[in-house]
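One structure is given below, encoded as structure tokens.
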Amino acid sequence: MQHIHNYIDGQLVMPVAGQYIDNYNPAIGEVYSLIPDSDEQDVGQAVQAALKAFPAWSNTPAEKRGQILMRIADLIDQNMDKLAEAESIDNGKPLKLAKSVDIPRASSNMRFYGTAIQHFASEAHYMEGTNAFNYTVRHPHGVVGCISPWNLPLYLFTWKIAPALAAGNCVVAKPSEVTPMTAYMLSEICIEAGLPAGVLNIVHGYGHKVGAAMTAHPKVPVISFTGGTATGRTIASVAAPMFKKLSLELGGKNPNIIFSDCDFNNALHTSIHSSFANQGQICLCGSRIFIERPLYEKFRDAFVEKVKAIQVDDPMEENSKMGAVVSEQHMQKVLSYIELAKQEGGTILTGGHQVQVEGRCRNGWFIAPTIIEGLPYNCRTNTEEIFGPVVTLTPFDTEEEVIQYANCTDYGLSATIWTQNLPRAHRVAHQVHSGIIWVNTWLLRDLRTPFGGMKNSGVGREGGFEALRFFTEPQNVCVKL
Ligand SMILES: NC(=O)c1ccc[n+]([C@@H]2O[C@H](COP(=O)([O-])OP(=O)(O)OC[C@H]3O[C@@H](n4cnc5c(N)ncnc54)[C@H](O)[C@@H]3O)[C@@H](O)[C@H]2O)c1
Ligand SMILES: O=C/C=C/C=C(\O)C(=O)O
């Protein structure tokens with residue numbers, strides 16, 4: 001069976017304690033590889049390697065650092081098919097999705113920050129009347145920790161490490177233990193691309209061991225984390241008393257607001273993606289669909305009809321639109337929320353159950369896309385993150401009412417608004433408490449924009465120069481002439 005290795009000090013190495021964790025193919029329901037069950041000893045070695053590499057890497061001209069990131073991007077592109085297949089096997093997502101979204105975005109992340117760092121300028125402030133000026137240098141921090149989740153494995157892993165490396169930091173990174181394979185393949189790519197030893201170190205294993213050791217390590221002053229809100233809280237509780245700098249990208253329970261005057265076909269088709277793409281396991285999925293009452297029945301009936309036609313099948317099938325959810329444990333969690341929705345008075349319009357796919361996937365973990373109506377806007381099903389192929393439909397009568405519905409959760413990541421009325425689009429956008437608003441679209445990403453959530457969806461922003469500012473420490477020098 002294939003063993004995944006840690007990537008420490010430029011080498012692919014076994015975990016110090018020699019222990020491994022089973023890695024499952026969720027579409028088959030079987031173990032297909034083994035992941036290092038690393039601990040604080042491996043994290044300690046990774047931090048030492050990163051500290052050793054830091055002086056040379058931080059003094060490497062930005063242009064040269066950028067060139068190495070671009071080489072990594074080229075190698076991701078050259079290995080597109082292999083990486084996409086590995087992502088699909090590891091995560092259960094349709095191969096087509098991995099090929100069209102996950103892996104291309106991973107190379108875009110490297111390319112974006114490989115070039116962004118060439119344009120990242122420091123500020124200067126002249127003090128009129130005093131004949132003095134200030135210039136601000138942005139120093140890399142040293143060793144930074146990057147911790148990522150399982151839903152968009154290589155996409156979110158590279159979204160963190162690219163700006164961290166571009167800014168001149170050395171990195172200790174931990175991909176999710178549920179989907180480690182493409183991060184492992186990335187370590188091979190980094191070696192081939194000539195990334196100097198110790199600049200990026202990838203330590204595999206459990207969050208409560210590897211992630212916790214990174215968070216608590218005194219030589220890792222910065223943690224960038226994407227994952228669940230509860231985990232973010234644990235990390236913050238350890239990091240805050242150590243005065244670490246934190247970026248937290250957490251969960252969401254995003255509203256998808258559909259007004260009667262929307263472009264109906266566009267709203268309908270995009271809502272299918274925003275509900276069920278990646279089996280609904282994207283933090284940006286619009287899991288609460290609010291429909292203005294005059295359109296409610298028309299939208300509901302058309303939506304249910306289209307969703308009933310979605311075939312859940314083997315993610316490796318060329319035309320698969322919906323694959324497996326990531327693990328048996330996650331499937332049980334999602335199914336338990338469907339039971340909760342029934343107890344809370346919801347009506348299942350379609351789905352609501354596990355699916356057994358024929359053939360090689362008969363023991364895999366699949367859930368039918370599920371639509372529920374008839375729930376109060378503030379019940380648990382409508383306020384807690386399910387993170388699976390489950391959406392609720394709720395009618396509304398006025399703007400004020402739907403804004404209240406939209407804002408009634410502790411989350412504030414993203415929202416989508418469908419209307420042809422421009423003033424209304426802006427009016428509603430400004431009142432919805434979400435860090436990311438889409439009008440008449442969904443998941444249209446410009447990598448230059450600030451990305452992140454309000455309320456319990458996170459702290460700080462990724463993307464564009466925000467990430468380069470996060471991964472650097474500003475130092476102001478005031479000079480009197
Ligand atoms: N806001 C965003 O950009 C965004 C993006 C993707 C996913 N998410 C969220 O991520 C969640 C799903 O991902 P998940 O289940 O992998 O999340 P998770 O919080 O369980 O795990 C995320 C990562 O944190 C690690 N971890 C777990 N416990 C830790 C600890 N005590 N200390 C340090 N690290 C620890 C895990 O091993 C994993 O690598 C959802 O809530 C989803 O909304 C948010
Ligand atoms: O599941 C969460 C998705 C996060 C997406 C991004 O971070 C992005 O598109 O940059």
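We count ligands from 1, going down the list as the structure has it; atoms in each ligand are counted the same way. As the structure is a prediction and not an experimental result, all values here were calculated from the model.
Not a single heavy atom of Q281 sits under 4.0 Å from any atom of ligand 2.
Each of the following atoms of ligand 2 lies closer than 4.0 Å to a heavy atom of R105: 8 (C), 9 (O), 10 (O). Every atom of ligand 2 is numbered from 1 in the order shown, and the set under 4.0 Å from a heavy atom of L156 is 4 (C), 5 (C), 6 (C), 7 (O). Which parts of ligand 1 touch I235 is read off a 4.0 Å heavy-atom cut-off, strictly below it: atoms 32 (N), 33 (C), 34 (N). Listed by number with element, the atoms of ligand 1 under 4.0 Å from a non-hydrogen atom of F451 are 3 (O). Ligand 1 places these atoms under 4.0 Å from at least one heavy atom of L156: 5 (C), 6 (C). In the vicinity of L152, heavy-atom distances shorter than 4.0 Å reach the ligand 2 atoms 1 (O), 3 (C). Those atoms of ligand 2 that come under 4.0 Å of a heavy atom in C283, given as number and element, are 1 (O), 2 (C), 3 (C), 4 (C). Ligand-side atoms of ligand 1 in range of A212: 32 (N), 33 (C), range being under 4.0 angstrom from any heavy atom. Near N151, with a cut-off below 4.0 Å to any heavy atom, the atoms of ligand 2 are 1 (O), 2 (C). Proximity to S176 (heavy-atom distance under 4.0 Å) selects the following atoms of ligand 1: 39 (O).
At the shortest separation from atom 1 (N) of ligand 1 among protein heavy atoms lies L250 O, 2.7 Å. With respect to atom 24 (O) of ligand 1, the closest heavy atom belonging to the protein is F225 CE1, 3.1 Å. The nearest protein atom to atom 16 (O) of ligand 1, hydrogens excluded, is given as W150 CD1, 2.9 Å; this is a heavy-atom distance. The single protein non-hydrogen atom nearest to atom 25 (C) of ligand 1 is I147 CG2, 3.7 Å, given as residue, atom name and distance. When hydrogens are left out, the protein atom nearest atom 6 (C) of ligand 2 is F451 CZ, 3.3 Å; that is the closest non-hydrogen contact. In this structure, the protein non-hydrogen atom closest to atom 13 (O) of ligand 1 is P149 CB, 3.3 Å. Atom 12 (C) of ligand 1 has as its closest protein heavy atom F387 CE2, 3.6 Å. Protein heavy atom nearest atom 28 (N) of ligand 1, with residue, atom name and distance: T231 CG2, 3.3 Å. Here the protein heavy atom with the shortest distance to atom 2 (C) of ligand 1 is C283 SG, 3.3 Å.
The N/O atoms of S457, backbone and side chain alike, include none that comes under 3.5 Å of an N/O atom in ligand 1. At under 3.5 Å, not a single nitrogen or oxygen of T229, backbone or side chain, sits near a nitrogen or oxygen of ligand 1. Considering backbone and side-chain atoms together, G228 places an N or O closer than 3.5 Å to an N or O of ligand 1. Polar contact with ligand 1: present for E385 (N/O pair, distance under 3.5 Å). For ligand 1, the polar-atom distance check against T226 finds no nitrogen or oxygen pair separated by under 3.5 Å. Any N or O atom pair closer than 3.5 Å counts here, and E177 shares at least one such pair with ligand 1. Checked against a 3.5 angstrom limit, the closest N/O atoms of G207 and ligand 1 fall inside it. Some N or O of G227 is nearer than 3.5 Å to an N or O of ligand 1, by distance alone. Considering backbone and side-chain atoms alike, R445 places an N or O below 3.5 Å from some N or O of ligand 2.
In this structure, K306 places its NZ atom where only 12 or fewer heavy-atom neighbours from other residues, nucleotides or ligands lie under 6.0 Å away. Heavy-atom neighbours of K244 NZ from other residues, nucleotides or ligands within 6.0 Å: above the threshold of 12. No more than 12 heavy-atom neighbours from other residues, nucleotides or ligands sit within 6.0 angstrom of NZ on K82.
For K455 and Y411, the positive end is not near the middle of the six-membered ring at less than 6.0 Å and at most 45° from its axis.
For the 3.5 Å distance criterion, the side chains of D90 and W150 fail to qualify, holding no donor opposite an acceptor. Between K160 and S224, the side chains place a donor N or O and an acceptor N or O closer than 3.5 Å (distance only, hydrogens not considered). Between the side chains of Q311 and D313, no donor-acceptor pair is found at a separation under 3.5 Å. No donor-acceptor contact under 3.5 angstrom links the side chains of Y32 and Q2, judged on distance only. With 3.5 Å as the limit, one finds no donor-acceptor pair spanning the side chains of E188 and Y7. Using modelled atom types and a 3.5 Å distance limit, the side chains of D77 and S107 yield a donor-acceptor pair. N254 and S434 share no donor-acceptor pair across their side chains, judged by distance under 3.5 Å alone.
Under the 4.0 Å distance rule, the nearest protein heavy atom to atom 34 (N) of ligand 1 falls inside the cut-off.
Of all heavy-atom pairs spanning T182 and P153, the tightest one is OG1-CB, 4.1 Å. Closest non-hydrogen pair, M80 versus K99, comes out as SD-O, 4.2 Å.
When atom types are taken as modelled, the side chain of Y113 and the backbone of G464 share a donor-acceptor pair closer than 3.5 angstrom.
Of the candidates N91, I103, N109, I103 is the only one forming a side-chain contact (heavy atoms from CB on, under 4.5 Å) with L154. Remark: of the listed residues F303, F276, W442, F303 is the sole one forming a side-chain contact (heavy atoms from CB on, under 4.5 Å) with S271.
You'll find the ring centres of H3 and Y20 inside the 6.0 Å limit.
Heavy atoms of N151 found under 4.0 angstrom from ligand 1 belong exclusively to the side chain.
Around atom 23 (C) of ligand 1, the closest heavy atom drawn from S148, A216, A239 belongs to S148.
Counting heavy atoms from C-beta outward, N440 and D263 have side chains that stay 4.5 Å or more apart.
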